[in-house]
Amino acid sequence: LVMEAFYSQIFRTNQKLKKMSQKETEKSGISIGSGWTSLWAFFLSLGLTILQPSDLQAASQKNALKLYKQGKYEEALEEYEAVLDKTPNNTLAHYNAGTAAYRAGKFEEATAYFENAMSTPDLDLQKKSFYNIGNAFYRLGDAAEQVEEKAMFWKKALESYDSALKLDAAEENTIFN
């Protein structure tokens, strides 16, 4: 099947080249008689379709996930941030950046990513974001030295857990927290 596509692309490229006038051919530096030209044109067209920004973004997200699974949370966060530079409205990338930031101990940064992820229409992702915001606020409260600051963060954690429960009242982890 791949070879069939390969030969089909070469045939179409040759047909296009034959239709070019001699003048256009000389300007472009392409020699119709060259088999290498067809091969080059095929790989060029293949490269243009394979290396689309969405594919590069997917590869970058795969790399970020790989880094995350290896426990390299800071590096994973950098990869997700690179994805977000190209696609700032990618709510899943915001969520994943939040989980990487959380694991890296960057709880304030994590809450910002999770909040951005909540613009998704995906209710499950919204629920997970609320839940993880609650976890991040709990950790921030735990680390706070002032009693008032602890209380403020823990109140925000409870509010986030409550919002997650509104989306799924049967979520055991949220109920537990």
Side-chain angles (χ1 to χ4, degrees), residues 1-2 5-6 9 43-177:
L1 189 60
V2 172
F6 174 77
Q9 183 66 31
F43 284 114
L44 179 63
S45 68
L46 184 64
L48 292 176
T49 56
I50 288 179
L51 298 176
Q52 295 295 320
S54 60
D55 292 337
L56 293 173
Q57 174 192 338
S60 189
Q61 287 192 56
K62 275 181 135 178
N63 189 42
L65 181 59
K66 179 181 171 187
L67 291 166
Y68 182 89
K69 287 180 177 181
Q70 293 172 349
K72 298 176 181 178
Y73 305 119
E74 298 262 351
E75 292 175 46
L77 179 56
E78 289 174 15
E79 282 290 319
Y80 286 123
E81 288 172 340
V83 169
L84 289 167
D85 284 343
K86 293 176 182 78
T87 55
N89 296 325
N90 184 333
T91 54
L92 185 58
H94 276 284
Y95 177 82
N96 290 336
T99 61
Y102 180 90
R103 292 291 189 147
K106 298 179 176 186
F107 303 117
E108 286 183 45
E109 197 172 333
T111 60
Y113 284 117
F114 292 133
E115 287 171 358
N116 285 325
M118 287 194 296
S119 65
T120 182
D122 180 350
L123 294 179
D124 190 53
L125 189 58
Q126 287 180 23
K127 175 189 70 172
K128 290 176 181 177
S129 295
F130 276 123
Y131 176 78
N132 286 314
I133 288 171
N135 288 341
F137 279 139
Y138 176 82
R139 292 292 187 115
L140 287 167
D142 201 34
E145 293 184 21
Q146 301 290 331
V147 173
E148 297 83 20
E149 194 177 14
K150 281 185 181 289
M152 177 201 63
F153 282 124
W154 286 345
K155 182 180 178 195
K156 287 183 176 184
L158 287 173
E159 290 169 356
S160 293
Y161 292 139
D162 187 49
S163 294
L165 284 172
K166 287 178 182 173
L167 291 172
D168 184 359
E171 175 59 44
E172 292 178 20
N173 290 328
T174 309
I175 292 168
F176 177 79
N177 287 343

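Since we're looking at a predicted model, the values are computed, not measured.
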Problem set entry | Distance flag, aromatic centroids of Tyr95 and Phe114, threshold under 6.0 Å |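 Under 6.0 Å, so yes.
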For this session: Step through it carefully: locate the ring centre of Phe107, locate the ring centre of Tyr102, and say whether they are under 6.0 Å apart.
Result: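 Yes, ring centres under 6.0 Å apart.
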Work out which heavy atom in [X] is nearest to a heavy atom in [Y]; give both atom names and the distance.
| X | Y | answer |
| --- | --- | --- |
| Ala117 | Thr91 | CB-O, 3.5 Å |
| Glu81 | Glu109 | OE2-OE2, 3.2 Å |
| Phe130 | Ser160 | O-CB, 3.3 Å |
| Gly98 | Ala110 | O-CB, 3.4 Å |

Could you grab the distance from atom [atom1] of [X] to atom [atom2] of [Y], nearest 0.5 Å is fine?
| X | Y | atom1 | atom2 | answer |
| --- | --- | --- | --- | --- |
| Thr99 | Asn135 | OG1 | CG | 12.0 Å |
| Asn132 | Glu115 | CG | CD | 12.0 Å |
| Asn63 | Glu79 | CG | CD | 4.5 Å |
| Met152 | Leu140 | CE | CG | 8.0 Å |

Would you mind reporting whether [Y] and [X] have side-chain heavy atoms less than 4.5 Å apart?
| X | Y | answer |
| --- | --- | --- |
| Asp162 | Lys166 | yes |
| Ile133 | Met118 | yes |
| Tyr131 | Tyr161 | yes |
| Lys66 | Gln70 | yes |
| Asn90 | Val83 | yes |

Exercise. Are more than 12 heavy atoms from other residues, nucleotides or ligands located less than 6.0 Å from atom OH of Tyr68?
Worked result: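 Atom OH in Tyr68 is packed in, count exceeds 12.
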Problem set entry | Pairs flagged by side chain to side chain donor-acceptor pair (under 3.5 Å) wherever residues 143-159 is involved - sequence neighbours left out |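 Of all non-adjacent pairs touching residues 143-159, none passes side chain to side chain donor-acceptor pair (under 3.5 Å).
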For this session: Check side chain to side chain donor-acceptor pair (under 3.5 Å) between Asp124 and all other residues, then give those that pass, not counting sequence neighbours.
Result: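 Per chain and number, Asp124 pairs via side chain to side chain donor-acceptor pair (under 3.5 Å) with Lys127, Lys128.
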For this session: Could you tell me which residues satisfy side chain to side chain donor-acceptor pair (under 3.5 Å) with Asn116, sequence neighbours excluded, listed by chain and number?
Result: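 Not a single residue meets the side chain to side chain donor-acceptor pair (under 3.5 Å) criterion with Asn116.
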Exercise. Mind checking whether Tyr113 and His94 have parallel, tilted or perpendicular rings, split at 30° and 60°?
Worked result: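 Plane angle between 30° and 60°, so tilted.
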